[in-house]
Number of protein chains: 2
Amino acid sequence: MVQIPKEPAPPSPLQRSVPTSADVARLAGVSRATVSYVLNNTSAVRISEPTRRRVHEAAKELGYVPHAAARSLRAGHSRLVLMPTPNVPIGPLYSQFINEIQWALSRLDYTVVQHGGIGLRGDDAARAWAELRPVAVIVPGVGLGPQGVAVLKRSGAKAVVTLTPEPVEGAHALILDHAGVGHSAGRHLVERGRRRIGVVVPEEPGFGVFSQPRLAGVRRAVQGTDATVTELPLAYDEAAAARLARDWRSLGLDAVFAYNDEYAMLVMRALQDEGVGVPGETAVVGADDLMLGRLLRPRLSTVHLELPSGRHLAELVDRVVRDPASVPTTHDVLGARIVHRESS
Amino acid sequence: MVQIPKEPAPPSPLQRSVPTSADVARLAGVSRATVSYVLNNTSAVRISEPTRRRVHEAAKELGYVPHAAARSLRAGHSRLVLMPTPNVPIGPLYSQFINEIQWALSRLDYTVVQHGGIGLRGDDAARAWAELRPVAVIVPGVGLGPQGVAVLKRSGAKAVVTLTPEPVEGAHALILDHAGVGHSAGRHLVERGRRRIGVVVPEEPGFGVFSQPRLAGVRRAVQGTDATVTELPLAYDEAAAARLARDWRSLGLDAVFAYNDEYAMLVMRALQDEGVGVPGETAVVGADDLMLGRLLRPRLSTVHLELPSGRHLAELVDRVVRDPASVPTTHDVLGARIVHRESS
DNA sequence: TTGAAAGCGCTACCAT
DNA sequence: ATGGTAGCGCTTTCAA
């Protein structure tokens with residue numbers, strides 16, 4: 001990139017700086033206003049056909065691309081929808097979900113962007129997002145408090161939608177009932193006569209926000225019964241699983257609820273390799289209802305978590321953006337239900 | 001959001017519009033310049049401690065967040081690194097990879113953003129990215145031609161890094177050798193005496209850019225031998241796999257290379273349910289070396305694809321951004337190697 | 001039908 | 001030590 005230093009250089013075709021609408025105007029022999037009218041085909045103004053052509057040709061020749069920042073600065077708003085990138089490796093379920101949202105919002109003419117603010121937490125993260133002046137923010141997982149919501153709204157975000165276990169003051173909340181996931185699993189196991197339930201919790205950092213509510217849900221499910229709940233921290237790693245399996249019989253458990261289907265597979269495989277019968281000796285239940293579970297033998301019982309459809313969520317966002325007052329800050333709770341197969 | 005229409009209203013504390021640095025200046029009783037100096041602690045200028053305090057307090061009280069667009073418009077450049085979101089559901093391998101990159105680039109003080117431009121293809125996508133004036137673009141998968149690279153560079157992108165099977169003119173290319181993946185698998189199967197190789201290719205749209213090169217690699221590996229290659233389109237779906245397995249013996253194949261470990265599991269399970277012995281009757285090889293494969297029985301042979309470390313990639317980007325000329329547009333080829341386990 | 005010009009929020013140069 | 005101010009690229013009245 002050649003930097004032309006001080007003197008205003010005569011416009012040369014070889015000039016390597018970024019073309020602006022003024023360059024297009026100059027080349028087409030019209031004003032910047034006309035360029036804007038043509039390229040946005042502003043309906044309020046009629047431009048003659050020859051002029052339009054000249055402008056389009058000039059733009060193409062220069063490889064002109066409008067400057068989004070300048071545009072939205074002038075307009076006073078953007079069509080940017082921001083989602084923070086979760087800072088844990090995501091599963092196929094969530095990956096699919098993200099894609100649906102992006103697709104649906106694209107159809108509504110929003111620009112969707114995932115913001116990779118690793119290491120920023122709480123209000124710092126919210127401030128980082130607010131700098132981009134998004135018109136809406138969709139926050140999965142936790143880490144956003146009422147403060148953060150306020151920052152975003154003050155910065156012009158019309159809609160803040162959270163996908164968390166708990167509602168957040170000021171935001172439109174879709175309650176992902178992780179406790180409900182644990183509760184479904186726990187109740188199912190108790191009903192099937194299990195009494196000593198282990199709950200596998202990932203050791204990897206960052207999963208706690210999901211795994212702890214799930215664990216709490218299991219605890220709630222066994223209240224009033226004589227069943228017990230044992231927390232089992234586990235790394236996603238063959239050796240760790242083998243160690244757990246080796247000690248299994250001394251733990252005296254007759255059931256295990258794993259954080260999700262992948263951890264469930266890890267544990268089930270280790271148990272089987274150790275000669276522990278599933279479900280005879282130990283019942284295994286996973287979560288997220290991945291394809292994976294149906295392919296295991298025995299087929300894996302799991303908890304299906306109902307995510308909102310991308311279309312649904314996109315329409316919610318759009319409605320709130322268009323008229324924030326029209327949509328009350330609903331707290332829709334998304335259901336979780338057990339899918340009983342063979343492992344429990 | 002209350003819009004104050006025409007008349008310049010007296011500044012009211014209840015005013016709900018987005019606070020600017022001018023508001024901060026007014027509240028602190030200083031000029032906008034001073035606000036800027038303080039909030040960016042500009043070292044070239046010394047501001048008295050009392051003034052600093054007043055500015056900081058005013059900013060906090062108003063909930064002031066700087067406007068990134070205005071800032072980068074003024075500065076003439078941004079620290080934005082853009083990655084398009086792949087429009088197919090991503091696996092754990094890639095998800096992990098993305099996270100590493102974001103982490104590493106965050107450390108270098110870049111803002112990383114994934115752009116969800118579903119439905120935009122080729123140069124349209126490049127233009128959409130260019131509107132955001134990123135300082136660098138990292139493009140996994142294909143869909144970006146030399147034209148697209150040119151558009152990005154003209155718009156001020158200092159670095160364009162592609163992660164594709166083929167180098168792209170003008171970009172710094174890291175060659176993900178998908179053909180090499182297929183080749184490793186094919187050669188391995190031939191060496192183990194297999195002669196009639198099926199290759200499972202996802203039916204879902206969007207995978208072709210990876211699966212076709214992998215298929216081609218297998219074809220290349222069997223050249224000069226008497227082995228044959230059969231393309232097997234397959235949906236990621238139990239019923240489809242069962243159908244394939246039912247017809248398996250009439251196909252007369254003695255080996256199958258699946259698109260990745262997940263498809264391999266799907267196929268292997270269906271074959272086993274049909275009574276087809278693995279690896280006795282049919283060898284199975286997957287790809288991507290997921291944890292999954294080690295948990296299957298028999299343990300899944302797979303092709304390990306070497307992705308660059310996030311740190312490595314981030315440093316490449318940073319070096320190119322700092323001095324584009326200093327780094328030649330290298331074409332690093334990333335290796336693929338077979339991991340032989342029990343299924344082949 | 002087209003052009004001149006103001007101004008979005010911010011930073012950096014030049015005065016004071 | 002602080003303030004005035006020009007100008008980044010764009011859209012949109014208002015005038016001609």
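Chain identifiers are assigned alphabetically (A, B, ...) following the order of the sequence lines, protein sequences preceding nucleic acid strands; residue numbering begins at 1 within each chain.
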Can I get a per-line list of side-chain donor-acceptor pairs under 3.5 Å for residues 129-139 of chain B, giving both atom names and the distance, sequence neighbours left out?
| residue | atom | partner | partner atom | Å |
| --- | --- | --- | --- | --- |
| R133(B) | NH1 | V65(A) | O | 3.3 |
| R133(B) | NH1 | P66(A) | O | 3.4 |
| R133(B) | NH1 | A130(B) | O | 3.0 |
| R133(B) | NH2 | V65(A) | O | 2.7 |

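For dT1(C), neither phosphate oxygen OP1 nor OP2 lies less than 4.0 angstrom from any side-chain nitrogen or oxygen of S48(A). Remark: Y37(B) is not in phosphate contact with dC13(C), judged by side-chain N or O atoms under 4.0 Å from OP1 or OP2. A sub-4.0 Å separation between OP1 or OP2 of dT2(D) and a side-chain N or O of S31(B) is absent. Side-chain nitrogen and oxygen atoms of S36(B) include at least one within less than 4.0 Å of the OP1 or OP2 phosphate oxygen of dT11(C). For dT2(D), the OP1/OP2 oxygens have no side-chain nitrogen or oxygen of T34(B) closer than 4.0 Å. Note on T51(B): a side-chain N or O is less than 4.0 Å away from OP1 or OP2 of dT2(D).
Base contact: V45(B) has a heavy atom under 4.0 Å from a base atom.
Considering CG of N87(B) and CZ of R121(B), their distance stands at 12.0 Å, rounded to 0.5 Å. In this structure, OH in Y37(A) is found 11.5 Å from OG in S43(A), a value given to the nearest 0.5 Å.
Of the charged side-chain nitrogens involved, at least one lies within less than 4.0 Å of a carboxylate oxygen, so that R322(A) and D318(A) count as a salt-bridged pair. With respect to the salt-bridge test (charged N to carboxylate O, under 4.0 angstrom), the residues E315(B) and R319(B) do not qualify.
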For this session: Could you check F97(B) against L163(B) for side-chain contact (heavy atoms from CB on, under 4.5 Å), going step by step and ending with a plain yes or no?
Result: CA-CA 12 Å; F97(B) 177 57; L163(B) 259 102; 3.9 Å; yes
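Among the nucleotides dA5(C), dC10(D), dG9(C), the one closest to the side chain of A33(A) is dA5(C). Across dT12(D), dC10(C), dC10(D), the shortest atom-to-atom separation from the side chain of S21(B) is found for dC10(C). Minimum atom distance to the side chain of R32(A) is reached by dA6(C), of the listed dC8(C), dA6(C), dC10(C). In this structure, of dG9(C), dA6(C), dT11(C), it is dA6(C) that holds the atom nearest to the side chain of R74(A).
Comparing G29(B) and H67(A) by the nucleotide of DNA chain D whose heavy atom lies nearest to each, the residue mapping closer to the 5' end is G29(B). The nearest heavy atom of DNA chain C to I47(A) and to A68(B) marks one nucleotide each, and the one closer to the 5' end goes with I47(A).
When rounded to the nearest whole Å, the span between CZ of R46(A) and C1' of dT12(D) equals 18 Å. A straight line from NE2 of H77(B) to P of dG7(D) spans 19 Å, rounded to a whole angstrom. Between E131(B) atom CD and dC10(D) atom C1' there is a gap of 12 Å when expressed in whole angstrom units. N40(A) places its CG atom 13 Å from the C1' atom of dG9(D), with the value rounded to the nearest Å. If you take CG of L62(A) and P of dG9(D), they are 14 Å apart, rounded to a whole angstrom. Following rounding to the nearest Å, L73(A) (CG) and dT11(D) (P) show an atom-to-atom distance of 11 Å. For R71(A) and dG9(C), the CZ to P distance is 18 Å, given to the nearest whole Å. Residue R26(B) contributes atom CZ, which lies 12 Å from atom P of dC10(C) at whole-angstrom precision.
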